[in-house]
Each structure stands twice: as structure tokens, then as C-alpha cells.
Amino acid sequence: MNSITAVRVRFAPSPTGHLHVGNARTALFNWLFARQKGGTMVLRIEDTDVDRSEARFEDQLIDDMKWLGLDWDEGPDVGGSFGPYRQSDRLPIYREHAERLLSEHKAYLCFCTEAELQQDRERATTEHRQPIYSGKCRTVDPAEAQDRRVSGEACAIRLRIPEHPIRFHDIVHGAVEFSNEVVSDPIILRSSGMPVYNYVVVIDDALMKITHVIRGDDHLSNTPKQVTLYEALGWPVPEFAHLSTILGADRERLSKRHGATSIANFRDMGVLPEALVNYLALLGWAPSGGTREIFSRDELVKEFSLERVTPSPAVFDMEKLYWLNRHYIKERRAADWEQTILQPAIASSIEDLVYFLRTGGATRHNELVAQLNRHSNEIKMAVGTWGYFQRAGQLPEIRLVTKENLLWVSRMVYLLSPSVDRLEQLPERAALIFNYDAKAALASPDNAEVLGLPHTDAVLTRFTVKMFEDESASEGKLTAERFKQIVNEVKAETGAKGKELFHPIRIVMTGSHSGPEFDKLIPILEEGSHLQLPKHVLSVRERVEEFAKARGK
RNA sequence: GGCGCUAUCGUCUAGGGGUUAGGACGGAAGAUUCUCAAUCUUCAAACCCGGGUUCGAUUCCCGGUAGCGCUACCA
């Protein structure tokens, strides 16, 4: 439209529930565009549908946006010089402009009743004509109409659609043209005095000086009415960018039916916001060249371009989201646990965090975030995922956190997190730490082959004897180094090596012949056994004992 | 029904009048690790159909088909 005027965009959700992925992408694209152009992002609440709108949904929406890392410069919560930012607070404005259109004959009074209109539509359909408004009241003399209104006759206000095709430009779709033949004169103000969406949106966008209307393409067919309205009001028409629909795997519009679709759902599952933002950006947009896929929020701000947004609908692919989520989970824990956690500076500030959490700080979101930001990613992840373990009965509530169990949990999360798609899968992965069942391990068909190997008996026996003899193991203080040493001794004494050595030992340790590396697992088992947890973690020695008992040797 | 939008591997996409049609997810195979995971390597996999324009169309144009959307005194 113009490069002189500063960019102003808006995201205008209805507060009818949690933010949905489709809307989230619209919000994201608006935000990326605004931030890249140094423009202004406006949040406007479209709450004119009183039946479905609720104040608490507005708070949810705001929380969801913030979680994604999207912010805005003007909105109901932050104010701004183009307010109010809730449509329900703007009713007088809508009426005023409707009256102006009426007095300028750009609009007219319509006395048709709903029943009449309904009838007209039905007749048109059966006669295979366009079910558009007949224009019956278009020709009523304005003075006469005014008299009828004053005398109390119910009437709505209708906009006059021009006698020529309506054209506008769309950044995503290019030139768009609609024949006026198929656009009826729309009602802008109902007989009840309540304005209609397609009218309200224009008044708001124009008064808020929105330069680029970026929204879902379900609004594309409504745009000619809106363009007419801008022109009738004598206001400049903004640029449009209509984003394609997000579909489910069955190519139908994505809905609750398809499972997780709200931002809150993803947050609860343990999808990281950086993963979701990255994924959403890739749904309909690709960088030039099209080979890069991993983008941080800042990189997106730099690279994003509305011109490169694809007009075709996109199927939401959960697997690809999970792939990105794995990437970002790994990125968050990229540092070495011992090195970051045991740094003196971090170690000392953990005391403060523990005190904060023990005194109920976890419920004060903003303060919690501020507290956590002083810590390493490992600690953040431990606090962030605590709830999942708690719900699985593996950890106590976070008020009972101690420095010891916090460090232990962070070490456990560090070990387990690279192998999950979503953080909510952590407790399931932690089963090998919390749920040890020697009998089940011996009976498991998965283990039958390993258990039947020629060297297995000797390995098991020697391993057991050595563990019983080891003093540190009896105290639950076996180190990874000592463990390795014992395994090597078993290797030398039995001649078993590779799988035939490790698999049986793994079964003793975790009940399964596959799992994480021993040098990381052993300290977790040993430390865990000394902690007060809802579910006791068996030490290495306790595991060996249980297994020997179950084996009966 | 009318109007509009859309159409490249199963999915997200790059590309574009002449290309071995590129990348990613997922799939398959292999390497590696004690195992799983991870990682790496390799493989399979696409231009909706029909006309036109053109020396040549997957690319441009037109039609068809399909999907989606809009067609309200819903938002």
C-alpha cells in the first residue's frame, strides 16, 4: 500500500476458548510481519458475540499468546491511543458511522422482516436464482423511510453495493475480483441496533489505522463487502493477506475432532513454544531456497516474508512438530550436566530457588519465571517437568522440593529427555528408574532370548557375587567408575563380551535389555535410593538382591 | 446451486518454458553404539486430468475434476 506509513497490524480473536493453532499461526504471521517492519501489533478482542464470549477466555488467550512469546503494543490490557480495544466497548462508534453512511445515502433503511427475507431466500433457491437480497428497500424514498423509522417501524441499515465489479489486492493471492452481481447489499446495523461483524471489522481496522489485514482465508469472500465499506466511508483500503486454512490429516478443516488443536493442549503435552512457533511458521511459509527448517523466533523475524506465504491449504503434521520438539528439547539440554549444574554460582543459587518453591512460589507464574531465568536449562527443565512426574506418583508435590531431589530430577530429565517427543512422556521413560520388577523381567518374552544365552548364567552369577561383595554398593554409593570396573571383572572372569555381557546386566539393572548408558544411569539409581520420594528408587544393590531372589540362585 | 480460493513425493514445501524436479518429516535399508534412542549414509516416493500457446510444458492460458471457504439481522 505505502512504504511511508508505518506498518500497523492486528490480531483480532473472539474470546470463545483457548487459542487454536489456526489462530495462533495468524497471530504469529501478524507478529512476525510487525516486528520485522518495526511496526505496531494491535490486539483487539472481538467480543460482540455475547453468547459465546467470556471474560475468562480473554485471559486464556492472552496467556496462550504470551506463552508462544508473542507480544503486542496496543490492546485491552496495555491500552493505546486507538482504543478501546474490545468491540463491546465500541458500540457508539459503530452506530455513529452507520448513521453517517445513511445520511450520505451510501446506506439505506431496510424494513424487510426476517421472515420475509427467509421466504425470499427459499424461493430464490427453489427457482435456482441467487439467494441474494432483492434490493426491495433500496428504492424507498429516504424521507419516507425516515418517517417510518421515527414512527417506530423496525428497520435495519443496509449498505449499497456498487454497480461494478469489486477489485482488491491480496499479498498472498494477487489480484482478486468479485462481480457485484453476487454480492447482496449487506446489513451493517441490525434492527436491534447491534452492528454486524463485516461492518464492525472495517470500522475498527480503519479507525485503528491498520495498514495490513492478515487473517484466515475464510474471510476472503467477505472482503468485497468490506472493501465497499471502506470506499463508502471514504477511507483508504488496507493491504490484505489471506492465509490458507490448516487442515487435519483427513483434509478437513482442523478441529477438536483431530485431537490436540489448542495451544494449551500442546503446552500441557510438553511441546516447547519454540518448537510450535517454528512449526507454525513452516505451515504456509518457506524461506527462499526452501531447504532450511530450523528457525528461532529472532531468525523468523529476520527471514519472514508475506510475499513468500503459500496460498494453498496445509495439513497439520503432528510427527513433524514432534521432530522439531525433539530438536528443541535437545537444544535446551545441550550442555553437559555435571559442568553446568555443579558450577559454584549455579549451585549456590539453587538454595534460593528451593526456598522459593517450598514457600509456594510455583503458583506465582511471573515470579517463577524470573527465578528460573537465573538457572541453567537443566534446572528449568526439572521444575518445568516436575508436574508430569508428580501426576505419575513418582515425585512429591513441588512444595516438598529439596536441593537434593531437585538436582537429582534435573539429572534424570537430562538423561531421559533426548528420547522423548513430548515432555509428558518423561514419567513413562522413568519407569525403568521407579518401577523395578525382577519377576516380570525374568518372565518377559522380550528377555527370553538374552536369558537363554550360553554365558548368561555365569555373567549373572559373577555379577551378583561381586555386587554383594562391594562395600560402596551395599551403602548405595556405587560410582559409575566402580560399576564399570566390576563389569570388566565379570567380563574377564566369564569371557563374555558385548551383548552377551551387557544385556544380562541390563536386565538386572532395569528389567530390560535396552536403555540408557550405564555411566549416566548408575549415579541416578544410587542417588535416588537415598531420597525421600513417594515411590522408593531401588539402589543397584537392592536391584541385584531382588533379582537374585527372583532367580532363586 | 452460485461465487471465490486452492492443486509438486503419504505430509510440509523449493523450483520453474528445456532440471537427474531440490530439501524436510514420516517410511525402508545399512553403518555405529553393549541395547534402545540419537547420529550418519543410502534408497523408495510427486508435478490432478484434458485442451490450447510453444520447437518444447509440470511451469503460461482456458476448461474439467476434487478439496476447502463464503453465500445470515453468525463471528
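Below, read A as the first sequence line, B as the second, and so on, with proteins coming before strands; counting in each chain starts at 1. For clarity, every value in this text was computed on a predicted model and none was experimentally measured.
- Residues A/Tyr279 and A/His327 keep their aromatic ring centres 6.0 Å or farther apart.
- The base of B/C73 is not paired with the side chain of A/Ser192 by any donor and acceptor separated by under 3.5 Å.
- The side chain of A/Thr245 lies closest to B/C68 when the candidates are B/G15, B/C68, B/G23.
- In this structure, A/Glu99 pairs ionically with A/Arg149, as a charged nitrogen and a carboxylate oxygen lie closer than 4.0 Å.
- In the set B/C34, B/U13, B/U71, B/U13 carries the atom at the smallest distance from any side-chain atom of A/Ala286.
- When heavy atoms are screened at a 4.0 angstrom cut-off, A/Gly216 is found touching no nucleic acid atom at all.
- For B/C48, the paired nucleotide is B/G64, the pair qualifying as Watson-Crick or G-U wobble because both relevant distances are below 3.5 Å.
- Residue-level contact check: A/Leu117 touches the bases, meaning some heavy atom is under 4.0 Å from a base atom.
- Using a 4.0 Å cutoff on non-hydrogen atoms, the parts of residues 195-206 of chain A near RNA chain B are A/Val196, A/Tyr197, A/Asn198, ordered by number.
- Regarding A/Arg215, its CZ atom lies at a distance of 18 Å from the P atom of B/G4, rounded to whole Å.
- Under 3.5 Å, the side chain of A/Arg506 and the base of B/C34 form at least one donor-acceptor pair of N or O atoms.
- With respect to A/Asp205 and A/Arg10, a salt bridge is recorded, a charged nitrogen being found less than 4.0 Å from a carboxylate O.
- Here B/C3 is the nucleotide among B/G23, B/A75, B/C3 with the atom lying nearest to any side-chain atom of A/Phe178.
- The side chain of A/Ser221 lies closest to B/G69 when the candidates are B/G69, B/A72, B/A75.
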message: I need a per-nucleotide contact map over nucleotides 37-43 of chain B, read 5' to 3'. Cutoff is protein heavy atoms under 4.0 Å; write B for the base, S for backbone only, - otherwise.
response: SSS----
statement: Each nucleotide of nucleotides 5-11 of chain B classed B (base within 4.0 Å of a protein heavy atom), S (only sugar-phosphate) or -, in 5' to 3' order, makes SSS---S
